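Comments concern the structure below.
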Amino acid sequence: MLPHHAPRCVPPVSVTLRDVRQTDLPSLFAFESDPAWCAMAMVKPRSKEVFDAVWEKILTDRTEGTTPPGVLQQAIIADGELCGTIGCHLRDGRCNVGYGLHQKHWGRGIASRALPLLLAEVALRPLYATAAVSNAASI
């Protein structure tokens, strides 16, 4: 029997990726504002203004067709529910893979299912990634 405080690991039935929508942004900002999420992603929380500016550029570039090659940012949908994002971005001439999931979805294998879906969409190689030392699942 599980201890009272242990979360149950309920694997998702389906994981899909889709374009991030403007209507996703309030949820994504809430996910990224969680201190545990920031620690796991090794980032400092962004203000609403900075978050909005970053996503406005991502969405505008995608709409105008000016997204640089190898750059892709997708929403992760598990069992029909938005649970995070995954993407590739260019930094220092390297294509880096990154993802973030809302804390309630951690430990369900969602990122493990989302990563091959992303890799099928991104032709650039090699790809790079980092993970927090405390994030054994991502390592």
Side-chain angles (χ1 to χ4, degrees):
M1 179 161 215
L2 293 172
H4 172 61
H5 64 281
R8 292 178 182 234
C9 183
V10 180
V13 173
S14 70
V15 174
T16 58
L17 303 182
R18 66 160 168 76
D19 286 341
V20 174
R21 301 172 182 156
Q22 189 74 36
T23 55
D24 296 331
L25 299 183
S27 294
L28 295 178
F29 180 71
F31 297 172
E32 291 187 24
S33 297
D34 177 11
W37 186 97
C38 292
M40 195 64 71
M42 300 185 313
V43 298
K44 293 181 181 177
R46 296 189 277 197
S47 69
K48 180 80 166 91
E49 293 76 23
V50 170
F51 175 90
D52 287 343
V54 167
W55 277 101
E56 180 179 340
K57 177 158 180 38
I58 290 169
L59 297 176
T60 299
D61 286 353
R62 185 182 72 208
T63 301
E64 294 177 355
T66 57
T67 300
V71 173
L72 178 67
Q73 193 68 34
Q74 297 282 279
I76 302 172
I77 309 299
D79 296 336
E81 182 180 353
L82 173 67
C83 59
T85 61
I86 188 167
C88 288
H89 62 279
L90 298 174
R91 184 176 57 214
D92 301 328
R94 294 171 32 151
C95 193
N96 295 277
V97 174
Y99 64 86
L101 296 173
H102 184 276
Q103 189 173 358
K104 77 177 188 176
H105 298 289
W106 292 356
R108 296 180 56 208
I110 293 170
S112 295
R113 289 185 180 187
L115 184 58
L117 299 174
L118 177 75
L119 296 178
E121 298 295 319
V122 177
L124 249 120
R125 297 293 187 272
L127 299 174
Y128 300 88
T130 58
V133 174
S134 61
N135 188 347
S138 288
I139 293 170

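From a predicted model like this one, the values you see are computed outputs, not experimental measurements.
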Heavy-atom closest contact (R46 atom, F29 atom, distance): O-CE1, 3.5 Å
I76 and its side chain to side chain contact (heavy atoms under 4.5 Å, CB included) partner, picked from I86, L117, L115: I86
Same apolar cluster: V15 and W106, side chain cutoff 4.5 Å: yes
Single-linkage hydrophobic cluster, 4.5 Å side-chain cutoff, V71 and L124 together: no
Linked, directly or transitively: V54 and L59 (ILVMFWY side chains, under 4.5 Å): yes
S14 to R113 - nearest heavy-atom pair and separation: N-NH1, 4.3 Å
CD-CG distance between Q73 and L118, expressed to the nearest 0.5 angstrom: 8.5 Å
Shortest non-hydrogen contact between W37 and E32, atoms and distance: CH2-CG, 3.4 Å
Option passing side chain to side chain donor-acceptor pair (under 3.5 Å) with H105 (candidates Q103, H102, R108): R108
Whether over 12 other heavy atoms sit under 6.0 Å from E56 CD: no
Heavy-atom neighbours of R125 CZ exceed 12 at 6.0 Å: yes
Any side-chain heavy-atom pair of L127 and L119 under 4.5 Å: yes
Pairwise side-chain contact, I110 with C83, heavy-atom cut-off 4.5 Å (strictly under): yes
Sub-4.5 Å side-chain heavy-atom contact between D24 and R18: yes
Under 3.5 Å donor-acceptor, D92 side chain and R94 backbone: no
Shortest non-hydrogen contact between V20 and L28, atoms and distance: CG1-CD1, 3.8 Å
M40 CE to D34 CG distance, which is reported to the nearest 0.5 Å: 10.0 Å
Side-chain touch T85/W55, heavy atoms, less than 4.5 angstrom: yes
Nearest heavy atoms of L82 and A75, plus distance in Å: CD1-CB, 3.8 Å
More than 12 heavy atoms of other groups within 6.0 Å of K48 NZ: yes
Same apolar cluster (I L V M F W Y, side chains within < 4.5 Å links), Y99/I58: no
Transitive ILVMFWY side-chain link V97 to F31, under 4.5 Å: no
